[in-house]
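Read the structure below first, then the notes.
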Amino acid sequence: MATLANRLNLQAFMSPRKLRMLGAPAFILIVMSMMVLPLPPILLDMFFTFNIAVSVIVLLVSLSTARVLDISVFPVVLLVTTLMRLSLNVASTRIVLLEGHNGADAAGKVIEAFGFFLVGGDMVIGLVVFGILMLINFVVVTKGAGRISEVSARFTLDAMPGKQMAIDADLNAGMIDEPTARKRRTEIQQEADFYGAMDGAQKFVRGDAVAGLLILLINVIGGLSVGVFQHDMEVSQAMQTYTILTIGDGLVAQIPSLLISIASGMVVSRVGDEGDTSGQVIDQVFSNAQVLGVTGSIIAVLGMIPGMPHFMFFVIAGALFALARMRRNQQLEKETAEAQKTAAAAQAAGAGAGAGGAAQPQESQEASWSDVTPVDVLGLEVGYRLIPMVDKGQDGELLRRIRGLRKKFAQEVGFLSAPVHIRDNLELKPNAYRITLKGVEIGMGEAYPGQYMAINPGRVSGPLPGRETRDPAFDLPAYWIEGTQREQAHALGYTVVDASTVVATHINHVILNHAAELLGRQETQALLDHIAKISPKMIEDLVPDQLSVSVVQKVLQYLLEEGVPIRDMRTIIEILAEAAPRTQDPLELTTRVRQGLGRAIMQGLFPGTGEILVMALEPSLERLLMQAMSSTTDAAIEPSLADGLLRQAAAAAERQENIGLPPVLLVPPQLRWLLTRFLRRSVPSMKVISNAEIPESRTIRVTAMVGAAG
């Protein structure tokens, strides 16, 4: 049993997770051992070879990575490889100084190969090659990568608020759900942390380059001293032997250092996440057939100059001409395919247009009821350039967003709206779209696939180069920009969204503002049927025995017109069932329902449990309106009084919004419906509530009085 227990403990200790946890301590132990203990030449050769292999792996990974976060451990890799190289330098310095007098291979085969084979065993050539490598690594690659890391870290931090706002906008518009939003916020934070860490990690690489130069000088001086004074070597012999070994040691460390520096520069200098670096270079640099053809012509002309190596110039020119021809054929095939697709879409759109074309049917058929097509409740018409956004065959992004909008609308408002019927309209501009409600246009705008809209939320720090426009949903100033300008727009404080998000947000805004019209008889019956599955007795007692479906529909529409969600249908049905024996008036029933939903209404206007900061009517004006209500049946307001009330209400609402408060007017229950209808068109942002709708647990504070001049 003891043996079995020991075996189980050993297996648990040797699990992959435990071994990975031991990786960092093992690495530190190896580094310290190389710095303190003398290593045999064969072990030193193994570590040098491993160092070169790791640097090649890091370089290839940096080239094939599509996103910087895919290699977020890169700053740690820089530190680890730097420590490994420095510890190898210490170990190799020890063995060179101790055993260098015994021959070129005393410090290991790797150092011998780099010192004799790569530079021919010449001390001067070795020093020149080593100096050039140092300049390339220290002055060019490391310095440039460090500057890019510094600037990227600063601009990434500056762009974080704009990116967060874009995520919040997508979340509010139903484009994404909460887990996706949380994941994207985490990625933004990780990206900022990555560039900040890379800015600091570049100092390791730069310090490593400086250390390599100093180690070279120390080794040359130390080797000369050891050879001359300890081993009685001639000065020239000691200089030749120890300098060559030191150069080999420096090269075997600096070449991996240069590879790591190049990998670092590749990671921090890449832009976008549309594939690996190699693919981006090929697609963006060698894809223009005209540029390749002109370059081939220039190389061919240079090859004709007397004294030039004609063969090599003509070979390169021929390769460029062949590549240009291949790229031109690919472009023609792509344009032909796009033209065929556009023509097919246009033909499908016009197939049902009737006799508008050149070919007329020879024999017209009699009209039938099939010719009467119902009007779409909610429709979206797009120009032909927007067809890919709504094409199922091309996996149109806008289709998924619209499905998400309907789901979010059902969850927040309380009923399932009619689907959005999408069709192309060749009468629209190529980039235009139109939103219709029961066949009538209620919204229109333009979108540019492949571009982004940078929306000014009111606190940007400068303009942008691009096509000036306005956000179609909220009428905010905006610009249409290219994808390469996204980071600049984020840094200036703009909210940047793609073309499909612009259209989807506009649709979401429209359906929220017209929710009452979207709730038809069919939707009302479907909603009641849905509730009947959960609480059948509740619906049986109300519809149709006490109230008809049309009355329930009217009550729900009144609620939606004032922005009150109907998610709490249990409370609504219970209040209607209680009030139905006494009244059938939809307005009176709506008033009672609003009072029952008072807590939810107040929560939507004033979240939390704090004070309710509202506006109120001046007492004299309130008395005048109450008298008007009691003296006439249609509750009309005298024209001069109405004009003054509108001006005062608009001014008070603007003051409330300027101090960051929702414009809410508190009135007696008898005046609420009258003032709601009266102010709806002129002051649409103002919400009118009654005293009876405020829960007893909430306190009220009046911040402004609305009066009427004269």
Side-chain angles (χ1 to χ4, degrees), residues 56-68 70-71 140-141 144 148 259 262-263 265-348 383-397 430-431 447-452 480-487 498-500:
V56 173
I57 290 173
V58 172
L59 177 60
L60 294 179
V61 169
S62 66
L63 289 172
S64 61
T65 300
R67 300 166 61 247
V68 294
D70 293 339
I71 191 171
V140 180
V141 181
I148 292 175
L259 294 178
I262 294 173
M266 289 287 184
V267 170
V268 298
S269 61
R270 63 173 290 112
V271 177
D273 53 1
E274 293 83 10
D276 57 90
T277 303
S278 302
Q280 285 185 328
V281 171
I282 293 174
D283 292 339
Q284 298 179 20
V285 178
F286 298 100
S287 61
N288 193 317
Q290 184 177 359
V291 170
L292 294 173
V294 172
T295 304
S297 301
I298 294 174
I299 297 298
V301 171
L302 291 176
M304 297 177 184
I305 298 175
M308 287 287 186
H310 308 298
F311 176 75
M312 294 307 302
F313 273 78
F314 291 153
V315 167
I316 298 298
L320 289 173
F321 287 139
L323 183 59
R325 182 179 181 83
M326 182 182 69
R327 289 296 188 184
R328 187 179 294 111
N329 292 336
Q330 292 176 351
Q331 185 66 26
L332 290 175
E333 292 176 0
K334 182 179 179 181
E335 292 177 356
T336 302
E338 291 180 352
Q340 291 175 351
K341 187 178 296 184
T342 303
Q347 184 178 2
Y384 71 85
R385 287 183 183 168
L386 303 185
I387 292 176
M389 295 171 57
V390 296
D391 186 6
K392 291 183 179 179
Q394 302 182 47
D395 194 23
E397 176 68 20
N431 291 94
Y448 296 86
Q451 297 187 13
Y452 295 82
W480 281 106
I481 62 174
E482 300 295 333
T484 55
Q485 300 173 263
R486 281 185 294 172
E487 296 299 330
D498 58 18
S500 60

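All residue numbers refer to positions in the sequence shown, counting from 1.
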Within this structure, what is the [atom1]-[atom2] distance for the pair [X] and [Y], rounded to the nearest 0.5 Å?
X: R328; Y: L323; atom1: CZ; atom2: CG; result: 10.5 Å
X: Q331; Y: E333; atom1: CD; atom2: CD; result: 10.5 Å
X: S62; Y: I57; atom1: OG; atom2: CD1; result: 12.0 Å
X: Y384; Y: N431; atom1: OH; atom2: CG; result: 8.0 Å

Using side chain to side chain contact (heavy atoms under 4.5 Å, CB included), reason through R327 and Q330 one step at a time and then give a plain yes or no. CA-CA 5 Å; R327 289 296 188 184; Q330 292 176 351; 3.2 Å; yes

Heavy atoms only: give me the nearest [X]-[Y] pair and the separation to one decimal.
X: Q451; Y: I481; value: CB-O, 3.3 Å
X: F321; Y: G296; value: CZ-C, 3.5 Å
X: A447; Y: L386; value: O-CD2, 3.4 Å
X: M389; Y: S500; value: CE-CA, 3.4 Å
X: A324; Y: G293; value: CB-N, 3.7 Å

Quick one: do V56 and L259 satisfy side chain to side chain contact (heavy atoms under 4.5 Å, CB included)? Show the steps, please. CA-CA 7 Å; V56 173; L259 294 178; 3.9 Å; yes

Side-chain donor/acceptor pairs under 3.5 Å, residues 298-308, sequence neighbours excluded:
none

R325 side chain vs A322 backbone, donor-acceptor pair below 3.5 Å: no

